[in-house]
**Q** 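One structure, pasted below without further comment.
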Amino acid sequence: MPISISNYPVYLQEGLKLNRECLRSQGNQNEDQKVFHRDSLEVSKLLKNREILMDKINNTVIQSATSFSDTRAGILKGAREEKGQYGYSDIVNACGLSYAKLYSEIEKRHDNEQEQYYNAADGTLLTKEEEIEWLDKQYEQEVEWQKSCARIAAQGQVIQGNIPETPTKEIEELEDAFYQARNAYMKLYNESKQAGRGPLALQNFIFGNSRMYEMLNRLGNLQERVK
């Protein structure tokens, strides 16, 4: 019996009948399989994109302008609770320790070379070198801020007649002390890392001379200024 499919004659063998319902059912099954396959690919793609997005969110670094000052303030709060007060020597040590702590966090982040980190500001890749450069700038700004605070406090003492003049030399020596502290705590950090010791703690290192600290401590109101 001849039948036509797409205008072409087809001859069935004797005894065979064309089951149109069967052909239609098979066609529907094939279409369903195509839809299922397409939907599976879409779901897989969405899951992959979600995984990439979550990885990027988890590896996004927020470079806060207050990160350094917050770390330093926390260290000084602990010093005040332990000793009841602190002076400029403690401030210098706290800044050196803050730098080493933040540097340690940067190194830990980038220990795994397979991990990638992103800048929260613009979503671009963030390298270890860029993070250290940011930390150096934060330290420079902190030193300038501390010098400015000391200078303003000194000028106030001059106006009140408590000291004859602004201790310019001591304030400049203070800047050197801050950078000596950074170097000392970084050396301590590297030694601790090699020896497998625990986290760093605030030390009683003296950077500069005692005369400088005596002069600067007389400016007063340290506890209120550096909270």
**Q** When you measure from the side chain of Ser104 to the backbone N and O of Ala100, does any donor-acceptor pair fall under 3.5 Å?
**A** no
**Q** Any side-chain heavy atom of Cys95 within less than 4.5 Å of one from Phe68?
**A** yes
**Q** Taking atom types as modelled, is there a side-chain donor on Gln138 or Glu142 under 3.5 Å from an acceptor on the other?
**A** no
**Q** Flag the pair Asn93 / Tyr185 as yes when at least one side-chain heavy-atom distance between them is below 4.5 Å, and no otherwise.
**A** yes
**Q** Looking at every non-hydrogen atom in both residues, tell me the closest pair between Leu125 and Tyr118 and how far apart they are.
**A** CD2-CE2, 3.4 Å
**Q** Taking all non-hydrogen atoms of both residues, which atom of Ala94 and which atom of Leu202 are closest, and how far apart?
**A** N-CD1, 3.6 Å
**Q** Around Gln160, counting heavy atoms of other residues, nucleotides and ligands shown, do more than 12 lie under 6.0 Å from its CD?
**A** yes
**Q** Tell me, please, which residues at least two apart from Lys137 pass side-chain hydrogen bond (donor to acceptor under 3.5 Å, both in side chains).
**A** none
**Q** Which atoms form the tightest heavy-atom contact between Tyr139 and Gly96, and what is the distance?
**A** OH-N, 3.9 Å
**Q** When you check the side-chain N and O atoms of Tyr88 and Glu170, is any donor under 3.5 Å from an acceptor?
**A** no
**Q** Working note: Ser89 + Asn204, criterion side chain to side chain contact (heavy atoms under 4.5 Å, CB included); need CA distance, chi angles, decisive distance, verdict.
**A** CA-CA 8 Å; Ser89 177; Asn204 293 317; over 6 Å; no
**Q** Side chains of Lys101 and Ile75: closer than 4.5 Å at any heavy-atom pair?
**A** yes
**Q** Return the minimal non-hydrogen interatomic distance between Val158 and Pro164, and the atom names on each side.
**A** CG1-O, 4.1 Å
**Q** To the nearest 0.5 angstrom, please state how far the OH atom of Tyr103 sits from the CE atom of Met186.
**A** 4.5 Å
**Q** First locate atom CD of Gln146, then atom CD of Glu144, and finally report the distance between them rounded to the nearest 0.5 Å.
**A** 11.0 Å
**Q** What pairs with Glu175 under salt bridge (Lys or Arg N to Asp or Glu O under 4.0 Å), at least two apart in sequence or on another chain?
**A** Lys147
**Q** Rounded to the nearest 0.5 Å, what separates atom CG in Leu216 from atom CZ in Arg211?
**A** 10.0 Å
**Q** Using modelled atom types and a 3.5 Å cut-off, is there a donor and acceptor pairing between side-chain atoms of Glu165 and backbone atoms of Ile163?
**A** no
**Q** List for me each residue that meets salt bridge (Lys or Arg N to Asp or Glu O under 4.0 Å) alongside Lys83, sequence neighbours excluded, and say none if there are none.
**A** Asp90
**Q** If you measure from CG on Leu135 to CD1 on Ile106, what distance do you get to the nearest 0.5 Å?
**A** 5.0 Å
**Q** Could you give the distance from CD (Glu129) to CD1 (Ile132), rounded to the nearest 0.5 Å?
**A** 6.5 Å
**Q** Can you name the nearest heavy-atom pair linking Glu107 to Lys193, along with the distance?
**A** OE1-NZ, 2.9 Å
**Q** Which residues pass the side chain to side chain contact (heavy atoms under 4.5 Å, CB included) test with Ala177, not counting sequence neighbours?
**A** Val92, Phe207, Met212, Tyr213
**Q** Quick one: does Tyr189's side chain get under 4.5 Å of Leu97's, heavy atoms only?
**A** no
**Q** Are the side chains of Tyr179 and Glu140 in contact, using a 4.5 Å heavy-atom criterion?
**A** yes
**Q** For residues 148-156, which side-chain donor-acceptor pairs fall under 3.5 Å, sequence neighbours excluded?
**A**
none

**Q** Tell me, do Leu102 and Glu105 make a side-chain contact under 4.5 Å, heavy atoms counted?
**A** yes
**Q** With the 4.5 Å side-chain cut-off for hydrophobic clustering, are Ile171 and Met215 part of the same group?
**A** no
**Q** Of all residues at least two apart in sequence or in a different chain, which pass the ring-ring contact (aromatic ring centres under 6.0 Å, His included) check with Phe178?
**A** none
